[in-house]
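Single-structure report; data block below.
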Amino acid sequence: MNKSWILVPGLCLGLAGCLGGGVSSSESPAPTQNEGYGGGATTVHFALKSGNQPATCGSKLSNIGSSHANAQLTEGMMYVHDVALITDQGQEVPLQLDQANKWQFLNLALLDFAGGSCKQPNVDDNQPLDGSNSDVVGTAPAGNYTGLSFKVGVPISAKNAQGKEVGLNHQPAHSPPHPILGVYWLMWEWQSGHRFMRVDLAPDGGVKRQDGSGDPKWSFHLGSTDCKPDRNIAGGYRCGKPNRVKVMFDRFDPKSDRVVLDVQALFAGNDITRDDSADFGCKSNVTDAECQPIFDRLGLRLNESQPGTNDGGQPLDDGRHSRVFRLEKIAS
């Protein structure tokens, strides 16, 4: 249920109104009735932050995780797809992405917050795109739009202008249908797909294990798992745990609002200075105890609720109650 805030002389009701800052997807302030965004050329702005601090390549971040660690951002990338504006009648209208934009292909966009300077070209066939990107650019038909929705991930496939189904997630890095699908650091060979979100941190002092071993980085990689070949679908693979995240804001104006992925919120349930699992961090593995807190905060079911239910990797709700994405005013 959406919350509203009321101003009364000498009194402030509603914590968000008193303290300022961003609001979550379930707490977006309501605009005046019948007032909304009219459509046309549209840019949806995104940002990566740690609390209120902008997070870019090499940023020194503080108060991360349950140990309140200091850490350096070494990677921050995310795919989004099916970006849509929501009308005042609740209809989701897809944003038609600008296909001339190098960061976009069909209904998919790559957000690279850390920028090319965090990557090492020509290492293990890495092919970073120059620069960074925090926008999704497209057009929407005329209408009265009051909200936004999008999904984090790479879809199995999407139709091109000729109506042909094009495989997207499960494509080899050496022959992708578009450069945004050929970025080495987002390929996930062990699942024959892509990492949907990658946020890597280097905490001060590194990551320690009980056996005395360690690693300089704690990494979160989100992607589909339990993937098996299937010749009957585009791309040739079907995954038992899709792990695509839907996010929805009932109140959103692209002229004044920006979507923020908050690193502090993402890692709030994890100690990034320690890890005793198979991976340093979380690689979306259902047996990795480090993944459960992050998946909970993303609103994803890590594993099946009961054997045989096949609901692992599915969203826990409709996306309106994100704990890691929020809106803020562009001026902030």
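Quick caveat: nothing in here was measured; it's all calculated off a predicted structure.
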Give a yes or no on this: more than 12 heavy atoms of other residues, nucleotides or ligands lie within 6.0 Å of atom [atom1] of [X].
X	atom1	value
Lys60	NZ	yes
Arg297	CZ	yes
Lys164	NZ	no

Closer than 3.5 angstrom, by distance alone: can the side chain of [X] be matched with the main-chain N or O of [Y] as a donor-acceptor pair?
X	Y	value
Arg320	Met248	no
Lys102	Asp130	yes
Asn101	Trp103	yes
Arg195	Trp185	yes
His194	Asn169	yes
Asp271	Thr273	yes
Thr74	Asp200	yes
Ser59	Leu61	no
Gln104	Asp98	yes

Do you know the tightest heavy-atom contact between [X] and [Y]?
X	Y	result
Asn107	Ala158	OD1-CB, 3.4 Å
Asn243	Phe196	O-CD1, 3.5 Å
Leu186	Met77	CD1-CE, 3.6 Å
Leu222	Val245	CD2-CG2, 4.0 Å
Leu73	Val199	CD1-CG1, 4.1 Å
Asp112	Gly131	OD2-O, 4.0 Å

Polar side chain donor-acceptor pair, [X] to [Y], under 3.5 angstrom:
X	Y	result
Tyr237	Ser224	no
Asp257	His45	no
Asp288	Ser277	yes
Ser305	Asp311	yes

Can Asn70 and Ser62 be said to form a side-chain contact (heavy atoms from CB on, under 4.5 Å), step by step? CA-CA 4 Å; Asn70 296 321; Ser62 61; 3.3 Å; yes
Is the shortest side-chain heavy-atom distance between [X] and [Y] below 4.5 Å?
X	Y	value
Phe105	Leu168	yes
Arg258	Lys49	yes
Phe295	Ser284	yes
Leu327	Val259	yes
Ile86	Ser149	yes
Leu261	Leu48	yes
Asn160	Leu106	yes
Tyr145	Pro254	no

Do [X] and [Y] share a hydrophobic cluster, counting only Ile, Leu, Val, Met, Phe, Trp and Tyr and linking them when any side-chain heavy atoms are less than 4.5 Å apart?
X	Y	result
Val93	Val136	yes
Val260	Phe249	no
Phe113	Phe267	yes
Val44	Val154	yes
Tyr37	Val137	no

What is the distance from atom [atom1] of [X] to atom [atom2] of [Y], rounded to the nearest 0.5 Å?
X	Y	atom1	atom2	value
Phe280	Ser213	CZ	OG	4.5 Å
Cys291	Asn270	SG	CG	8.5 Å
Glu290	Asp279	CD	CG	10.0 Å
Leu266	Gln264	CG	CD	11.0 Å
Lys241	Cys227	NZ	SG	10.0 Å
Asp275	Ser219	CG	OG	10.0 Å

Under the criterion side-chain contact (heavy atoms from CB on, under 4.5 Å), I'd like the reasoning laid out for Val324 against Asp262: C-alpha separation, chi angles, the key distance, then a yes or no. CA-CA 5 Å; Val324 300; Asp262 190 336; 5.7 Å; no
Would you please classify the geometry between the Phe46 ring and the Phe150 ring as parallel, tilted or perpendicular, with 30° and 60° separating the classes?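 If you compare the ring of Phe150 with that of Phe46, the planes turn out perpendicular.
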Carboxylate-amine/guanidinium contact [X] [Y], below 4.0 Å:
X	Y	value
Lys151	Asp82	yes
Lys228	Asp226	yes
Lys246	Glu92	yes

Leu110 vs Asn133, test: side-chain contact (heavy atoms from CB on, under 4.5 Å). Steps then yes/no. CA-CA 8 Å; Leu110 172 59; Asn133 177 53; 5.8 Å; no
From CA spacing to verdict: salt bridge (charged side-chain N to carboxylate O under 4.0 Å, His left out), Arg209, Asp211: CA-CA 5 Å; Arg209 284 183 166 157; Asp211 64 5; 5.6 Å; no
For Asn310 and Glu304, what are the C-alpha separation, side-chain angles and deciding distance, and is it a side-chain contact (heavy atoms from CB on, under 4.5 Å)? CA-CA 6 Å; Asn310 297 319; Glu304 293 179 321; 3.2 Å; yes
